[in-house]
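Below, chain A is the first sequence line, B the second, and so on; all start at residue 1.
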Amino acid sequence: MQPNSCELKVLDLVPFGQTGSASRFFALRLTRPAWETWRPGQFVMLRPRNFGLDIPWARPFGICHMTTRHMICFFQVRGRGTQRMAELRHGDIVRVWGPLGRGFVMEQDTPTLLLAGGMGIVPFVGYVNLHPKPWNVTMLFGHREHISCYPVDSINEHVPVDSLREQENGDLDNFIYTIQERMRDIADQKGLVLACGPTPFMRTVQAFATEMGVRCQLSLENRMACGVGACLGCVTRTTKAWPVETRRESPVQVCTHGPVFWADQVEL
Amino acid sequence: MDLSLTLKGQTHDLPLKNPVLTASGTFGYGVEFATYGDLTALGGMVAKGISLQPRQGNPSPRIVETTSGMLNSVGLQNDGVESFCKEKLPLLPWRETAVIANIYAASVEEFAALAARLDGEEGVAALEVNVSCPNVKAGGALFGQDPDMAAAVTAAVRRAAPHKHIMVKLSPNVTDITLLARRVEEVGADSISCINTLLGMAVNLQTRKPSLANVVGGLSGPAIKPVALRCVWQVARAVSIPVVGVGGILTAEDALEFLLVGARAVQVGTGNFFRPDAAFALAAELPAACHRLGIENLEAFCGSLQLDDTF
Ligand SMILES: Cc1cc2nc3c(=O)[nH]c(=O)nc-3n(C[C@H](O)[C@H](O)[C@H](O)COP(=O)(O)OP(=O)(O)OC[C@H]3O[C@@H](n4cnc5c(N)ncnc54)[C@H](O)[C@@H]3O)c2cc1C
Ligand SMILES: Cc1cc2nc3c(=O)[nH]c(=O)nc-3n(C[C@H](O)[C@H](O)[C@H](O)COP(=O)(O)O)c2cc1C
Ligand code: FES
């Protein structure tokens with residue numbers, strides 16, 4: 001399906017997390033764009049009208065979920081763009097282009113391990129929803145904030161989420177150890193690992209994947225301006241394993257060649 | 001309303017369907033945007049900068065957002081001229097709209113070789129010469145900052161591509177842009193586009209590092225529009241070849257401001273990142289904007305800025 005650019009209306013912005021403190025996690029529900037098909041792991045560029053002239057770039061967000069009537073994105077407030085998105089109200093207008101990039105592979109009969117770090121959970125909401133045989137899927141989720149900040153319920157409906165919160169020294173080591181154990185299990189089953197999260201986390205998963213020889217895809221979160229392959233701002237370097245010979249060990253756009261890559265084909 | 005026009009050059013004219021073009025480096029090779037609008041509805045498109053050999057560009061991060069603008073130090077990553085001619089050009093509707101090749105080189109000779117290679121390409125309507133690049137043989141001084149070097153490049157390209165309209169793209173990072181404009185006109189430029197990006201910098205207080213791996217980069221977007229407008233106004237008064245305005249253009253009104261100060265056409269650059277259909281929307285909106293402002297004849301409107309006698 002060809003991506004398009006359209007203006008969508010905000011239906012609502014639902015804060016996540018414990019009540020009391022100002023929320024930094026939101027589900028943004030928009031009217032449904034015209035496109036029909038999409039793959040989990042693909043993303044959209046969102047540019048609310050309230051970005052004005054002072055915030056030029058749209059921001060990339062994974063497609064969390066789509067129904068016949070709406071599209072949901074889920075975001076964490078990070079900087080000035082997401083801060084302004086947190087001010088969106090019912091009826092506000094958002095420019096949206098997508099669906100963009102390449103999503104995760106889905107092999108219904110292959111044992112599949114999903115590894116999510118923080119906001120990396122987003123594409124997996126759609127993934128478990130659309131997977132025809134969710135009993136072949138397991139998920140490990142590492143996070144810093146309280147579990148109620150993340151859209152885990154909608155995943156739990158299909159696949160039990162095994163979550164580990166990083167709060168104290170030692171929690172991270174424990175998480176990394178658990179990743180390693182789970183990946184080893186999947187490697188033994190000749191399964192598939194799909195990961196999404198911050199770059200250091202992706203590097204860890206990549207290193208284990210190389211060591212264990214397990215098939216693995218990673219979703220990268222590079223800085224993006226256009227989302228369509230034009231600005232060359234989001235590039236990452238490919239390795240010798242890149243399928244197109246002329247593009248080996250060269251910069252390629254994450255927005256069009258990714259954001260999901262086979263772990264052995266890119267340098268992080 | 002008829003929006004067609006001709007950039008009347010000294011050697012070759014460049015007919016355009018309408019005055020809305022897209023700026024180099026911000027519209028890919030055009031094909032990336034084909035799903036967002038009808039490429040043939042544009043006056044033309046300037047392709048991403050092309051060099052003789054493929055180039056990998058600068059290390060990342062190469063882009064950073066700033067207030068009302070952005071900095072880039074992409075470093076002209078491209079697949080080289082052969083790939084452009086064989087793989088990109090055939091995908092573009094060059095019979096219906098002007099495809100302009102933006103060229104970049106590190107020496108006068110290389111510029112000439114590149115121009116000669118493109119001269120025979122039927123699909124290329126014009127060459128836009130990017131002089132905002134270092135001259136390796138002159139110790140890395142920028143071609144675009146020295147009137148003699150800019151003239152040498154222009155003359156060499158003019159000779160090497162006798163069949164093409166030659167547009168020279170000027171840098172604003174100079175003391176007096178009109179000196180450069182006059183010199184490139186003298187040696188045969190058919191038109192001038194301005195401006196390229198302004199040299200800028202951004203830093204991160206937390207990491208205490210520059211925001212770009214290259215430390216400095218080119219500023220573009222709405223933040224630079226007043227500078228661009230000033231440059232276009234000065235250049236349009238200094239030369240008699242047509243001027244194409246570039247810098248911070250998002251809306252039909254922005255485009256008309258550039259025409260008012262003397263541009264014949266405009267290029268949309270960073271605006272394409274505000275929304276991928278920005279240039280298409282601008283072109284579609286132009287007749288209505290003219291109507292609102294009581295502009296009946298766009299050609300007569302160009303350069304009709306009202307000044308008092310002191311200017
Ligand atoms: C393909 C893709 C999918 C994404 N999906 C989601 C999602 O579903 N939910 C979500 O909350 N976030 C997602 N992100 C990250 C999100 O785009 C950034 O958090 C957002 O752009 C930050 O904008 P800002 O203006 O708030 O922050 P800025 O002011 O731009 O930056 C604030 C901080 O965030 C960091 N940052 C900026 N851009 C990114 C980025 N692209 N990725 C990671 N960190 C960044 C900066 O380095 C800085 O430290 C995704 C990113 C990509 C590339
Ligand atoms: C990401 C990016 C890449 C660019 N690449 C080129 C290039 O290859 N050649 C060139 O002459 N100008 C290049 N430019 C400059 C633009 O064509 C334009 O002159 C400048 O951005 C000002 O216009 P704007 O404010 O509308 O973007 C680039 C600009 C950006 C933002
Ligand atoms: S974001 Fe512009 S090329 Fe990827």
Side-chain angles (χ1 to χ4, degrees), chain A residues 1-7 34-35 44-49 51-60 79-81 93-100 199 220 222-238 244 246-256 266-268, chain B residues 22 24-37 48-49 54-80 83 87 211-212 217 220-223 225 248 250-251 254 269-278 280-281:
Chain A
M1 179 105 196
Q2 295 282 321
N4 80 350
S5 163
C6 58
E7 285 191 324
W35 31 275
V44 288
M45 295 294 279
L46 296 187
R47 190 169 186 285
R49 271 201 195 153
F51 277 17
L53 286 187
D54 56 318
I55 303 185
W57 296 346
R59 299 293 192 259
R80 58 183 193 146
I93 304 290
V94 181
R95 162 87 33 203
V96 179
W97 57 101
L100 303 169
T199 308
L220 308 190
N222 290 24
R223 221 181 267 177
M224 293 183 179
C226 69
V228 304
C231 73
L232 299 180
C234 66
V235 296
T236 195
R237 283 189 73 79
T238 60
V244 183
T246 52
R247 287 267 178 286
R248 283 180 194 152
E249 301 183 287
S250 305
V252 296
Q253 298 98 315
V254 170
C255 63
T256 48
V266 285
E267 281 174 21
L268 290 183
Chain B
T22 52
S24 180
T26 64
F27 204 64
Y29 292 106
V31 284
E32 293 86 344
F33 290 80
T35 91
Y36 300 103
K48 186 204 311 264
R55 292 169 55 105
Q56 299 222 334
N58 286 325
S60 294
R62 330 163 137 177
I63 54 170
V64 60
E65 194 186 51
T66 59
T67 303
S68 302
M70 64 177 282
L71 291 164
N72 90 81
S73 60
V74 170
L76 278 300
Q77 179 190 331
N78 79 101
D79 295 341
S83 157
E87 284 152 37
S211 301
L212 295 174
S220 63
K225 199 185 85 177
L250 296 180
T251 64
D254 292 335
T270 302
N272 296 307
F273 308 156
F274 279 69
R275 51 186 285 199
D277 49 347
F280 306 108

Query raised in the report: Counting only N and O atoms by type, is there a donor-acceptor contact under 3.5 Å from the side chain of R49(A) to the main-chain atoms of R95(A)?
Result: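 Between the backbone of R95(A) and the side chain of R49(A) there is no qualifying donor-acceptor contact (under 3.5 Å).
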Proximal component of [X], with respect to chain A [non-hydrogen, under 4.5 Å]:
X	result
D79(B)	side chain
Y29(B)	neither
F27(B)	backbone
S73(B)	neither
T26(B)	backbone

Report task. For residues Q253(A) and L232(A), determine if any side-chain heavy atom of one lies less than 4.5 Å from a side-chain heavy atom of the other. Result ->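 Yes, at least one pair of side-chain atoms sits under 4.5 Å.
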Query raised in the report: Sequence neighbours excluded, which residues qualify as ring-ring contact (aromatic ring centres under 6.0 Å, His included) partners of F273(B)?
Result: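 Here no residue qualifies.
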Report task. Counting only heavy atoms closer than 4.5 Å, note whether M45(A) contacts chain B via side chain, backbone, both or neither. Result ->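 The answer is neither part of M45(A).
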Requested in this report: Can you tell which part of E7(A) gets under 4.5 Å to a heavy atom of chain B, answering side chain, backbone, both or neither?
Outcome: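 For E7(A), no heavy atom lies under 4.5 Å from chain B.
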Query raised in the report: When only pairs under 4.5 Å are counted, which of P56(A), S5(A), G233(A) shares the most heavy-atom pairs with chain B?
Result: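 Ranked by contacts with chain B, first place is P56(A).
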Query - Options T246(A), T236(A), V235(A), ranked by heavy-atom pairs under 4.5 Å with chain B, top entry - result: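 Going by pairs under 4.5 Å, I would pick V235(A).
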Query - By side chain to side chain contact (heavy atoms under 4.5 Å, CB included) - contacts of P61(B) (at least two apart) - result: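 Here the qualifying residues are R223(A), A213(B).
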